[in-house]
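Throughout, numbering of the chain's residues begins at 1 and tracks the sequence.
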Amino acid sequence: MAATMKPSVAVEDVNVTFEDQQKINKFARSTNRMTELKDEIEAKKKSLQNLQDASDDLMMFDDDSLLIPYQIGDVFISHSQEETQEMLETAKEVLQQEMKELEGRVSAIQQVLGDLKVKLYAKFGNNINLEADES
């Protein structure tokens with residue numbers, strides 16, 4: 001029986017310059033910022049769903065004269081059903097706009113990360129791992 005030998009993978013000794021370290025640091029900071037923004041988007045999605053649920057529940061009320069408590073800060077203020085519905089719609093629009101802005105920032109960061117990956121992999125090859133851990 002002949003044993004097959006795996007070709008040994010030689011780890012190249014690549015000098016890391018100050019500029020390279022700056023790129024690596026920028027990559028790490030950008031990755032962390034993108035993760036934070038994605039978490040923020042998810043939280044806003046949940047808030048948006050809660051507002052949509054409240055809006056749907058409000059439409060089921062038969063009594064238009066009923067005052068609906070609406071939380072503003074730490075206090076609840078009673079409004080008519082129509083006013084509360086308008087306030088919910090406004091809040092949903094604001095959240096949707098904030099989500100669009102955050103998604104735009106995520107896209108910009110993804111572009112920066114892509115450029116940095118190309119530059120860093122070109123110099124370091126397999127000696128550097130820039131892929132996110134999926135744990």
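- Note that CD1 of I41 and CG of L95 are 12.0 Å apart. Values are rounded to the nearest 0.5 Å.
- Between the side chain of Q81 and the backbone N or O of L58, at least one donor-acceptor pair lies under 3.5 Å.
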Derivation and outcome, side-chain contact (heavy atoms from CB on, under 4.5 Å), residues F27 and N32 = CA-CA 9 Å; F27 186 88; N32 287 339; over 6 Å; no

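- Salt bridge status for E103 with K100: absent, with no side-chain N to carboxylate O gap under 4.0 Å.
- For D56 and Q52, the side-chain atoms include at least one donor-acceptor pair closer than 3.5 Å.
- Separating the CD1 atom in I68 from the CD1 atom in I77 is a distance of 14.5 Å, to the nearest 0.5 Å.
- Residue L67 belongs to no hydrophobic cluster, having no ILVMFWY side-chain heavy atom closer than 4.5 Å to its own.
- Around atom CD of Q71, more than 12 heavy atoms belonging to other residues, nucleotides or ligands sit under 6.0 Å away.
- For the atom pair CG (L102) and CE (M99), the distance works out to 8.5 Å, reported to the nearest 0.5 Å.
- In this structure, the separation between CG on D39 and CE on M34 is 11.0 Å, given to the nearest 0.5 Å.
- The number of heavy-atom neighbours closer than 6.0 Å to CD of Q21, taken from other residues, nucleotides and ligands shown, is above 12.
- Within a 6.0 Å radius of CD in E89, other residues, nucleotides and ligands contribute more than 12 heavy atoms.
- Here the CG atom belonging to L116 is positioned 12.0 Å from the OH atom belonging to Y121, to the nearest 0.5 angstrom.
- Note that the CD atom of E98 and the NZ atom of K44 stand 4.0 Å from one another [nearest 0.5 Å].
- Qualifying side-chain contact (heavy atoms from CB on, under 4.5 Å) partners for R33, counting only residues two or more places apart in sequence or in other chains: E36, L37, R105, I109.
- In terms of the side-chain hydrogen bond (donor to acceptor under 3.5 Å, both in side chains) criterion, N50 has no residue partners (sequence neighbours excluded).
- Side chain of T90 to main chain of E86: a donor-acceptor pair is present (N/O by atom type, distance under 3.5 Å, no hydrogens or angles).
- Residues S30 and L113 share a closest heavy-atom pair of CB-CD2, 3.5 Å.
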